[in-house]
Protein chains: 2
Amino acid sequence: MTRPQQTISEKTIERLSVYRRYLKELQKQGKERVYSHELSKLVSGTPAQVRRDLMPVGGNGCSSKGYEVNLLIEEIAKLLDCNDKQNIALIGAGNLGRALLGYLSGSRDNYDIVALFDNDPEKYGRVICGKRCYCIDQLAEKIKEYKITTAILAVPGEAAEATAEILIGTGIKAILNFAPKHITTSSTVFIETLDITKALEKAIYFSRKNT
Amino acid sequence: MTRPQQTISEKTIERLSVYRRYLKELQKQGKERVYSHELSKLVSGTPAQVRRDLMPVGGNGCSSKGYEVNLLIEEIAKLLDCNDKQNIALIGAGNLGRALLGYLSGSRDNYDIVALFDNDPEKYGRVICGKRCYCIDQLAEKIKEYKITTAILAVPGEAAEATAEILIGTGIKAILNFAPKHITTSSTVFIETLDITKALEKAIYFSRKNT
DNA sequence: TAGATTGTTAATCGATTAACAATC
DNA sequence: TAGATTGTTAATCGATTAACAATC
């Protein structure tokens, strides 16, 4: 039974995104039902955690028969996407930005990168990987026009803070930041930083700790 | 006082990496000493957490005078890098791989991407962004030759598991994985996955929850 | 029915924060 | 000295896991 609207933890949201990905694979394989212990094995979790994570998505689990794959995918989509295709902006059309564009384009049905932005006149005005690139100055205008709520920030570290400030000023609701900079703000924007250097230094540290 | 060898949590290691980055900036700015509350503000943490994180790096903090910036950088380097330049392999010379190569090359003094690997004959044998690209078949050989302990995995999702298995077979100690796949293993390799899609879907979800 | 799995509460575990004596 | 900050232990908080009645 779903509670009216318990807030769901960030970790649970992350895992739901991953469960969905695996569920779609199972769907392709023609699997109709799945048990919590099967799903948990795919992500090295515990069955209890899977069941707990699935509580807020609306209990369509069935004792002894597990979860219906199709239904579960649908319910997770309702929760994560609101059945709404989200328009995304990508700020920074350098190497990393273009790689991300390639990586995130294609068969995604819940979001779509609709516009790029860069401050390099060599880049804006052009179409890059099938997407139009605008000048940073047009950020506010285009974000409104395309109804963009989430931005991916792939600019060099030095430019990250200033660009983030502009973004936040436009009323954007979430930022996925790839610059190695912590972004401080007093607003309620949700900011998620994927810090590549941090992750690599962590891996290097633990490479030495194992055996 | 440093304890013989308490194991340090992953979260603390991550934060130490970030502290170091900011400390280097402070160093450039000519700042000689720093308080825990200053450092904490830069990462939106608490002073108590900073002090706690710094305990295992060897207490060079001084009551009322804070920490010496230069010394702290050195001590963190001792802990994270062992004062040893680490040789890294990059597997996958596609868009993402090449972007990562550009991103991680340059003025890094604690690690160095020394070899690329790809299974595309168009790519291996060539020099890409200044680094030689080898065929995946040469993985074991070259990893031994270059004394590589950590690998960055930037291959397409479909290839991730098989490639990871080969990697683990070579005796690599840590993997930084960019493929949207959970990698299961019975070995002790340290595996860190940076899941871009997961992070984006999370940002999209919370873009709707704010206000 | 018997066996297995779910949803959910209680117990456990780990990480963060508060507090404070020691120190500069 | 008085004020401020550190190192570290104790208290709190949140997330994970265990347990089990309800159910298929």
Side-chain angles (χ1 to χ4, degrees), chain A residues 1-19 23 26 31-69 71-72 75-76 79 182 198 202 206 209, chain B residues 1-19 23 26 31-69 71-72 75-76 79 182 198 202 206 209:
Chain A
M1 189 61 78
T2 317
R3 296 293 166 66
Q5 203 41 324
Q6 293 278 46
T7 62
I8 306 173
S9 79
E10 290 194 26
K11 301 237 170 192
T12 294
I13 293 297
E14 291 184 12
R15 284 189 298 257
L16 286 174
S17 162
V18 175
Y19 297 152
L23 286 165
L26 295 177
K31 204 157 160 44
E32 284 178 11
R33 308 199 132 268
V34 66
Y35 297 119
S36 58
H37 58 85
E38 295 175 300
L39 217 37
S40 72
K41 231 168 257 166
L42 293 172
V43 301
S44 298
T46 64
Q49 182 165 75
V50 170
R51 294 201 300 276
R52 213 171 206 297
D53 286 338
L54 291 180
M55 277 169 63
V57 309
N60 51 63
C62 184
S63 311
S64 295
K65 290 163 68 186
Y67 301 85
E68 242 188 85
V69 174
L71 197 57
L72 199 48
E75 294 293 334
I76 293 177
L79 186 84
H182 177 80
K198 179 177 84 175
K202 179 181 171 186
F206 284 104
K209 298 294 143 181
Chain B
M1 190 61 78
T2 319
R3 296 293 167 67
Q5 203 45 319
Q6 293 278 46
T7 63
I8 307 173
S9 79
E10 290 194 26
K11 302 238 169 190
T12 294
I13 293 297
E14 290 184 12
R15 284 189 298 258
L16 287 174
S17 163
V18 175
Y19 297 152
L23 286 165
L26 296 176
K31 205 157 160 38
E32 283 179 12
R33 306 200 134 266
V34 66
Y35 296 120
S36 58
H37 58 85
E38 295 174 299
L39 217 36
S40 72
K41 231 168 255 164
L42 293 172
V43 299
S44 298
T46 63
Q49 183 164 73
V50 170
R51 293 201 301 275
R52 215 172 203 298
D53 287 337
L54 291 180
M55 276 170 62
V57 310
N60 51 63
C62 184
S63 313
S64 297
K65 290 163 69 185
Y67 301 85
E68 241 187 86
V69 173
L71 197 56
L72 200 47
E75 294 293 335
I76 293 177
L79 186 84
H182 177 81
K198 179 177 84 175
K202 178 181 172 186
F206 285 104
K209 298 294 145 182

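What's counted below: heavy atoms across the whole structure, side chains too, no hydrogens, waters or symmetry copies. Lettering of chains follows the sequences in order, A, B, ..., and the numbering in each one begins at 1.
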Atom CG of A/Leu39 and atom P of C/dG7 are separated, to the nearest Å, by 12 Å

Item checked: Base of D/dT8 paired with side chain of B/Arg52 (donor-acceptor, under 3.5 Å) -> no

Among C/dT8, C/dT17, D/dT8, the one nearest any side-chain atom of B/Gln49 is C/dT17

Taking C/dT5, D/dT5, D/dT8 as options, the one with an atom nearest any side-chain atom of A/Tyr35 is C/dT5

Discussion item. If you go through the side-chain atoms of A/Ser64, does one of them form a donor-acceptor pair with the base of C/dG3 closer than 3.5 Å?
Written reply: yes

To the nearest angstrom, the CG-C1' distance between B/Asn60 and C/dC24 comes to 15 Å

Within the modelled atom types, does a donor on one side and an acceptor on the other bring the side chain of A/Ser63 and the base of C/dG7 under 3.5 Å apart?
no

Practice prompt. Indicate yes or no: at least one non-hydrogen side-chain atom of B/His182 is less than 4.5 angstrom from one of A/Ser44.
Written response: yes

The Watson-Crick or G-U wobble partner of D/dT6, with both key distances under 3.5 Å, is C/dA21

Mate of D/dG14 across any strand shown (Watson-Crick or G-U wobble, both atom pairs under 3.5 Å) is C/dC13

Any donor-acceptor pair under 3.5 Å from A/Gln49 side chain to A/Thr46 backbone: no

Looking at every strand, decide which applies to A/Thr12 at a 4.0 Å heavy-atom threshold: base, sugar-phosphate, or nothing. nothing

message = Is there a side-chain contact between B/Ser36 and the phosphate of D/dT6, meaning an N or O under 4.0 Å from OP1 or OP2?
response = yes

B/Asp53 CG to D/dG7 P, in whole Å, measures 12 Å

Whole-Å distance, B/Leu54 CG to D/dT6 P, equals 9 Å

Under 4.5 Å between any side-chain heavy atoms of B/Leu72 and B/Tyr19, yes or no?
no

task = Could you tell me whether the phosphate oxygens of C/dG7, OP1 or OP2, come under 4.0 Å of any side-chain nitrogen or oxygen in A/Tyr67?
result = yes

Considering only heavy side-chain atoms of A/Lys65, the closest of D/dC24, D/dA19, C/dA15 is D/dC24

(message) Is there a side-chain contact between A/Glu75 and A/Asn60 in this structure, where contact means two heavy atoms from C-beta onward sitting under 4.5 Å apart?
(response) yes

Whole-Å distance, A/Glu75 CD to C/dT6 C1', equals 16 Å

### Message
Are the side chains of B/Tyr35 and B/Lys41 in contact, using a 4.5 Å heavy-atom criterion?
### Response
no

> Looking only at side-chain N and O atoms, does B/Thr46 come under 4.0 Å of OP1 or OP2 in C/dT17?
Replying inline: yes

message: Does B/Arg33 reach a base, just sugar-phosphate, or nothing at all? Heavy atoms under 4.0 Å.
response: nothing

Whole-Å distance, A/Arg51 CZ to C/dT9 P, equals 14 Å

Nearest-nucleotide check on DNA chain D, A/Lys11 vs B/Ala48; residue mapping nearer the 5' end is B/Ala48

Between NE2 of B/His37 and P of C/dT17 the distance, given in whole Å, is 17 Å

**OP:** Establish, with yes or no, whether the OP1 or OP2 oxygen of C/dA15 is under 4.0 angstrom from a side-chain nitrogen or oxygen of B/Arg15.
**Re:** no

